[in-house]
Amino acid sequence: MKILIVDDSATARMFIRRCLEISGLREAEFTEAGNGEEAMSLLKEGDVSAVFTDLNMPGMDGETLLRKVRSSPMLTELPVIIVSSAGNQAREKKLLEMGAAAVLKKPPSPAQFMGVVKQIKGKGASGYEG
Amino acid sequence: MKDNLKDIDAKLAAAVAGSLENMIFAPVSGGKLVWSNLEIKAPLKGALLLAIPWELAQNFTGGVYNQEEEVPPQLVCDCVAEIANTIAGQLLESLMPEKIFSLGLPETGQGTSFPSSEGMRFQHFKIDDNVFFIGLKLE
C-alpha cells in the first residue's frame, strides 16, 4: 500500500507519517510531495492508495489538489484526507462537500488517524492504472 | 556612526551580562533566536510571530526527527515554522470556529532582526527552564 503525504513542511510530513505508522500503517510505503503539482505528478505514476494533504502550500494548494483529483476520471475513488491547521468546522464542511474523505486538524495525533486508516485499509489502491 | 553598530548583538549581550551580574549577582546567558512570522489574512488581518532560542528549537527538532546529533539548520527553521502555523490555526479556530480563515506561508529566520512587530502583543512561555516568545497582532 502506497500513501502520498503532501505538505510543504518536512516536519509536518514526518509527523503525519509517524501518526500513520502508529495507527496501523507500519508496513505502508510512503511517498512525499511539497505541493499539489508534485503530488499530481506522483499520482500519475499510479498505485497510490490514499493522499494526506495540507491546504496552505506554495504553488498548487491542497484545495486545488482535491478538486483536480476529484475531477480526474482515474482518481475518483482515491481517498483524499486533509490535514491542516486551517481545517476548522466551517472549512471542514466545505471540504467534505468537495469530496474530501476526512478533515483532520493539526497537530495530528495517532488517535485522529485510526478511523481514517481503517477506511483506507478497507478500500485498497485506486490510483492511476494506465 | 555605522561602525559603532558593528557587532551590536554581542555588545548587547555583554551589556546585559555586565548590568545584571552586578545588580542581582546572578550569571546571565543568552543566545540567538530562530523565529517564524505568519501572516493572518482572513477574516481578521494580522500576524503571529514565534521566537525561540536556537538551542530549544534544536531540541524540538531533534525530538521530531528522533535525532540526538545536531539537526541541520533548515530543519530547525522548518520545525519552528510548523509550530507557528499550528498555533495560529488553533488560535483562529478557538476565536472563530464558524468562519473559514486563511493564513499566509510562514517566513522564517535566525538572529535578532524580525519582520515588523509593530502593534503586536507579546507573551512569554516556558518549557522547563527555556523561555520563548509569541507576538500577536489582530485587527
Side-chain angles (χ1 to χ4, degrees), chain A residues 5-22 26 30 32-38 52-67 82-98 100 103-110 112, chain B residues 34-48 50 52 56-67 71-108 127 134 136:
Chain A
I5 302 173
V6 192
D7 199 304
D8 55 321
S9 165
T11 304
R13 295 196 299 268
M14 173 62 83
F15 266 129
I16 293 168
R17 183 181 173 150
R18 273 212 195 147
C19 287
L20 288 169
E21 285 172 345
I22 292 168
R26 204 169 290 279
F30 292 95
E32 299 183 1
N35 63 22
E37 281 104 352
E38 286 179 27
F52 289 78
T53 182
D54 187 19
L55 289 173
N56 198 19
M57 296 179 285
M60 189 195 293
D61 62 23
E63 202 171 301
T64 310
L65 173 63
L66 172 63
R67 201 173 295 120
I82 308 291
V83 187
S84 174
S85 58
N88 68 346
Q89 294 163 28
R91 195 96 187 254
E92 181 176 347
K93 188 168 177 275
K94 183 186 171 197
L95 291 163
L96 291 173
E97 282 168 4
M98 286 174 66
V103 180
L104 307 179
K105 181 100 187 78
K106 284 184 179 176
S109 69
Q112 281 183 294
Chain B
V34 52
W35 53 265
S36 183
N37 188 60
L38 193 65
E39 185 189 359
I40 297 167
K41 292 177 161 178
L44 299 171
K45 294 211 177 299
L48 184 139
L50 169 64
I52 299 184
L56 179 59
Q58 268 195 322
N59 289 345
F60 285 170
T61 313
V64 171
Y65 288 89
N66 213 5
Q67 253 180 265
V71 285
Q74 70 269 25
L75 278 187
V76 176
C77 291
D78 182 76
C79 184
V80 172
E82 185 59 17
I83 294 168
N85 184 47
T86 305
I87 293 171
Q90 294 254 323
L91 175 68
L92 290 175
E93 186 183 15
S94 69
L95 291 173
M96 298 166 289
E98 75 290 355
K99 301 269 190 197
I100 291 177
F101 56 84
S102 167
L103 301 171
L105 295 170
E107 179 189 358
T108 305
I127 292 183
I134 292 193
L136 177 69

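Atoms considered below: every heavy atom in the structure, side chains included; atoms not considered: hydrogens, waters and symmetry mates. This is a predicted model, so every value here is computed, not measured. The chains referred to below are lettered A, B, ... by the order of the sequence lines, with proteins before strands, and numbering in each begins at 1.
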Colleague: For the residue pair D8(A) and L105(B), what are the closest heavy atoms and their distance?
Modeller: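 For D8(A) versus L105(B), the nearest heavy atoms are OD2-CD2, 4.0 Å.
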Colleague: Take L103(B) and S85(A) through the test side-chain contact (heavy atoms from CB on, under 4.5 Å) and record every step on the way to the result.
Modeller: CA-CA 9 Å; L103(B) 301 171; S85(A) 58; 3.8 Å; yes
Colleague: To the nearest 0.5 angstrom, please state how far the CG atom of N85(B) sits from the CG atom of D7(A).
Modeller: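 Interatomic distance, N85(B) CG to D7(A) CG, rounded to 0.5 Å: 8.0 Å.
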Colleague: Has the side chain of Q90(B) got a donor or acceptor atom that lies under 3.5 Å from a matching backbone atom of K106(A)?
Modeller: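 Confirmed, Q90(B) side chain pairs with K106(A) backbone.
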Colleague: Go through the atoms of L75(B) and report whether side chain, backbone, both or neither lie under 4.5 Å from a heavy atom of chain A.
Modeller: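 Contact with chain A: backbone and side chain both.
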Colleague: Should we say atom CZ of F15(A) is surrounded by more than 12 heavy atoms from elsewhere, each under 6.0 Å from it?
Modeller: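 Open: at most 12 neighbouring heavy atoms sit under 6.0 Å from CZ of F15(A).
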Colleague: Is P107(A) close to E82(B) at the side-chain level, that is, under 4.5 Å between some pair of heavy atoms?
Modeller: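 Not touching, per the 4.5 Å side-chain cut-off.
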Colleague: With respect to chain B, which residue among R91(A), R18(A), M14(A) yields the maximal number of heavy-atom pairs within a distance under 4.5 Å?
Modeller: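 Sorted descending by pairs with chain B, the first entry is R18(A).
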Colleague: Does any heavy atom of chain B fall under 4.5 Å from the side chain of K93(A), the backbone, both, or neither of them?
Modeller: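 The answer is neither part of K93(A).
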Colleague: Which region of Q74(B), side chain (C-beta onward) or backbone (N, CA, C, O), has a non-hydrogen atom less than 4.5 Å from a non-hydrogen atom of chain A, or is it both or neither?
Modeller: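 For Q74(B), no heavy atom lies under 4.5 Å from chain A.
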